[in-house]
Structures are given as C-alpha cells and as structure tokens.
Amino acid sequence: MSSHSPWSRYVESAVRKHDGSGSGSDGLKADGPDDAGLPGSTYQAGVMVRERFGKMLRSQEPKAARVNAPQRRTDVRLALPALLVWSAAIAGVWLTPAALVALCCGLALVAVLLVASGARGRRSLLMTSSVALMLAVAAAAHSAVSSSQRHDGPFAEAVSSGKSVVAVLEVAGSPRSVSPSGHAGMPDRWSATVVTVEVIADGNVIHAGAQLLVMGGGAWGELVPGQVVRATGKLKPSDAGQTEAGVLAASAPMILSGASGWQAGAKDLRGGYVAASSFLAPDARGLLPGMVTGDTSALDEGLNAAMKSVGMTHLTAVSGANCSLVLGALLLAARSLRLPRVPAAALALGGLGLFVLMVGPDASVLRAALMGSIALGSLAGGRSGRGLSFLCLAVIGLLLYDPGLGTSFGFLLSVLATLGIIVLGQRMVDWTPAVVPRWVAAAFAVPLSAQLLCGPVIVLLQPQFSAYSLLANVVAAPLVAPVTLLGTAAVPLVVLAPWAAVVLIAVAGTFSAGVAGVARFMAALPGASLPWTEGVYGLLTMVLLSALTLVVVRMALRPRQSLDLAQGLHRRIEEFLMLAERHILGYRAGRRPRARHGFVPRVGRGRLGYRTNTSRRNAEWPLRQPRETGHLRPTLPTPPPGGT
C-alpha cells in the first residue's frame, strides 16, 4: 500500500490524535478531512477501527478518569403517564360528571388516533403517549364515581340543602385531632373520614356509598378504621376542590360493629407502645411513639410548634423515610442470612406490609411502601437504579387506586421530596469533592434536595421561611435511624418480651430526646421563622430562591468548573456584543464601517479604538499629535498684557 494512500493517511492521523492533539472524546478526531477522502468501504472500516481503538484507550484509562465519565441518562419515559394520570385525578375533583365523561371520550379518541397514525421511527413515542392517555382515562373514570355523588342524586340534594340526618357510617381513616393548640380548656375536636352506609333524611332512606368528613367530639378519637357506627348530625357542603361529598357535624357515635381483627390489634399495639414509653422524659415519650407508630397523642404542643418552625414536622409522625429505613434493614438482614434474592425480597416485603398495617395506610406511607415494593421487584429481577421510574409507577398506582390523593398536599410533598432526592440529591453527592466521605455528602444533600422542591409548596400552606431548617435536619439525621430501627424492633417485644422492649425503648428514647433537643434549640435561635409572602407571588419567589440556592451549592462544590463556565459565558456575551456592534454600525460583506464617533472593535487585535468622523480617516485617537499635517484650527490672537 502506498504511503500516501487514504488508509495510511487515516492511520497516521489516528496516531497523531492519540498523541494528544485530537479533540475527540477518545483522543481521536470525530470528523475531519482525512475521513472525507476515504472511499465507501474503506471509510466504514476506518470507523470500525476507530471505535475499537477508542474502547481500547478507555479501558487503559486510570480509574479516576473513568469515575468522571458521563453517567447513564435518567429514564423519563414514565414521567408523561404519571403527569397525565395526576392531571386527570385533579380534574375529577373539580369537574362535573358530564364534563368528566366528555374528557374520558376525548382522551380515548386521541389515544386511538395516536396508535392509528403511528409512523416508523416514532412508534415508541406514540405508543407511550397512547398508553398514558388510557391511564388518564381510567383515573378520570374512577373520579367520575365520586363526582356523581357530589353533584347528582338525593344525597347531593340533602348535602346542598344542609339537612339534619341520621347516618350509619363506616370509619375509613384514622381520626385526627383538630383542637387548636394552646387552648387547654377547650374540648377536644376530631375529624375522621367515613363512608356512608345508610342515610335517613326527611324520612327517606338513601343508600349511597359517599365519602364524608365527620367533625365530632372526643368520642370520635377512640374509633378505629373498619368500625360501623350510627350518629346524628347536620350536613353541609364541603369546600371546592375537596374529595369528600360533604361535611357532617355529628354527635357522639354509637358503635354498631367492631373493626376487623388486624385493625383492632394494631390500635391496641400502638396504645401499648405509648404506655410502655411513659417512663421516658416528656419530649421523648411524646416524640418516640410518633416517629415509630405514628401515634402523636402524647406529643407536647410546645415541641410540635418548635418542630414546625424549623421544618422538622415530617419527623413527628411516620413518613416515607421510616419505610425506607425499615425496608432496607429487613433486606440487609435477609441477605445476611445468605437467602437468595427472591426470598429475601419476599421477606422484606412481608415485614414492610406488617409495618404499614401497624402504622395505618397513610398517603405518604402508602407511597413509600409501594415505591419500595417496585424497587425490590426490579432488584429481584436484576434491574435496579431507576429511581425516577419507581416513583412514577408508585404515583400512577396510588392515583388509580385513590384519585383523591391528587389534591392532597401531603401526597404532593411526599412525591416532591422523593423526586428531589432522586434528581438532585445524587447529583449533589457527585459534585462533592472526593476528599469528603460519601456519607457526609449524603447527609447534607438529602435534606437540602428535598427542601428545595418542597419549599414552594410549604410556603402556600404556611407563609414563613425556616432559616435553620437545613441545619436542623442535617444535625438530626444521624439520630433518626436509631430511633426508627430500635423503636420498631421494640414494637413486637412489647407483647412478647416487655423487659427487652423496655431496654430498646430506653435507647431509642435517648436518640428521640436528641431530636427534640435539636428542634427546641434551633427554634429558640433568633430569626428561626421568618415571614414570607403569601399566594402565588410567594411561591414564585421561593422557586427563585431554591434555584439560586442550587446554583450557589454547585459553584461552592465545583469552583473550577463554575469559573470555566463563567469565562465561557463571558466569551459568548463578548462575541454577541461584537456581532451586535457590527450590525448596528452597518457592516457589509468585505467592507469596514465608516468612521464615526464611539468605541469600535479593532479587527484582529482584541482592543477597542476610538474613531471620529472629522476627517474620514479612522483616526485611533481623538486628539491630534503635534506637527500633524492637515487642516489646523485657526488660533485666536493673544491679547496684550493688561488688555481686555
């Protein structure tokens, strides 16, 4: 082969680029003049050799270089179905049944048209969109059932007219205290979600399985989900955007039938745990049952207010973090026993199910439990590391099961916190320098990423800014895991071995007292809770603050890259201004602009010169030098001394 053949030129170019002069990602030039002169088959062979040569170079790179390689892209294919299902669930709360039927028909028609018009190369996207639309149809159809009970029928008429009724109700959710804080003399007030079995209004019996929100006295706080009770009261319409068909101001309930065995047992177990923790200090005995079993009946109002002011409310009751800790501990214990992957996942899922039954199926607990189940299922199948896909599947499943969660702020905050940890938390950990331990970076990144996404929504609920929220959560983070794991391990021992439960409760109570101490100390600092603007303007300003915080964190963790980015932006802005200056000055092809007043760029030198239009000569300086030829200004005669 001749030394000047296309193939020899290609090999010589590859060797030269391998020496370090190339601009490609593997030390080879991606596209260049040497490739342009190759014939068809020789060019294809050259591309194949280049790819293999690049792989060989990457395999010989040091470990540090491979660590900084680009990571796998985030899988966002399930984001569109999740958003459409969520939008349909929200629409189901606000729209009338007729509007929902029209919406379902329209979405189904669009889905069919997308499938029918699927073209090659875009078929995957169109199929994904059509499946997302059909899932939205299912959510809207489910919402239409409850919407019909709010707008049509005799029960809707009884609610709108505010009639007094006698109702047979089934308790659907755990009662929650609604007594105002700081008013010890006022009677306890409780709210509970119920489903109507039978309603008697004006002598007419109405059989409608509608959802109601009951407001009642202290006797309602003793009820358990699954119990059937009879009560009298007055109906009134619920607020706009609420999933309940109405509100019932009820008298004391009369129990007709008890709850199922596991629900009554879960309540007794929670009550026994509260009694077993009574020997702890006041803050610990109120906070520990809330963090472990979700029972906040013994929580001090002052501690509750302190945790609200420093953004630690999620620690006063069971949340997704508790489910994640329990699930991880069960899986680690199962794998330590050398169980295979599938049995270990099944054992961990069973333990998580028992934990959810003990706590109660709250929205955040259900979301965390379902997402953990999907993650474990994928782990058992050998496909892990797709946190955003797991979150989207959990959102879709929960909204299809209960579309009313679409308007729940608790569900929204739970999803946003998980999304922040998945999308931003891992990136913050990767931004941290290698000298910082990974667990330290995670302890800082996890609460910050969750707070950045939840902050705008929290402002809508409570227009204030917790100045020490990040610091408080970072300090309390090492104490949460011992409280959750040791406290949860003590729950079955309360019945089986009370003496062992006391030991674990004492240790877990010590850590929970530390959490309470952090909350009280941070809340007592000046400026712990700052007022914030209400409404949409407050939300937008908090979004801006979150974005600026993320930029500052990025610049602080990666100063070199931030400086390079700033210099690159400066160069781009400079080039843009120069191009704009050329257009403004009337640049034409191959011609320099006419001289005029002002600073203009000097071509090829990177400096600014000053030009005047007095002589049409493009003078660089506004003042003429001495002995300069050309037209000189006439000078006035100097008056004689003493003259005027």
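Note that this is a predicted model, so its numbers are computed, not measured.
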If only atom types and distance count, is the side chain of [X] paired as donor or acceptor with the main-chain N or O of [Y] below 3.5 Å?
X	Y	result
S251	T232	yes
D202	N204	no
R285	S277	no
S191	M215	no
S238	E244	yes
S309	A306	yes

Report yes if some heavy atom in the side chain of [X] is under 4.5 Å from a heavy atom in the side chain of [Y]; otherwise report no.
X	Y	result
L80	S129	yes
L539	V457	no
H142	L400	no
F390	I422	no

Problem set entry | E198, CD: over 12 other non-hydrogen atoms inside 6.0 angstrom | yes

Problem set entry | More than 12 heavy atoms from other groups under 6.0 Å of NZ on K308 | no

Distance-minimising heavy-atom pair for [X] and [Y]:
X	Y	answer
P253	A231	CA-CB, 4.4 Å
L84	A132	CD1-CB, 3.6 Å
L107	A136	CD1-CB, 4.0 Å
G290	T296	CA-CG2, 4.1 Å
C104	V137	O-CG2, 3.7 Å
G302	D300	N-OD2, 3.0 Å

Problem set entry | side chain to side chain contact (heavy atoms under 4.5 Å, CB included) partner of L169, the single match among T196, V228, L223 | T196

Problem set entry | Passing option when R270 is tested against T293, V494, V491, V359 for side chain to side chain contact (heavy atoms under 4.5 Å, CB included) | T293

Problem set entry | L235 vs L212, side chain to side chain contact (heavy atoms under 4.5 Å, CB included): CA-CA, chis, key distance, verdict | CA-CA 9 Å; L235 291 172; L212 288 178; 4.1 Å; yes

Exercise. Which is it for W532 and T541 under the side-chain hydrogen bond (donor to acceptor under 3.5 Å, both in side chains) test, yes or no, and what are the steps along the way?
Worked result: CA-CA 9 Å; W532 200 265; T541 53; 3.1 Å; yes

Problem set entry | Full working for side chain to side chain contact (heavy atoms under 4.5 Å, CB included) between V515 and M307 | CA-CA 9 Å; V515 175; M307 299 193 77; 4.3 Å; yes

Exercise. What do the steps show when you test L288 against Y273 for side chain to side chain contact (heavy atoms under 4.5 Å, CB included), and what is the final call?
Worked result: CA-CA 9 Å; L288 179 61; Y273 194 86; 3.9 Å; yes

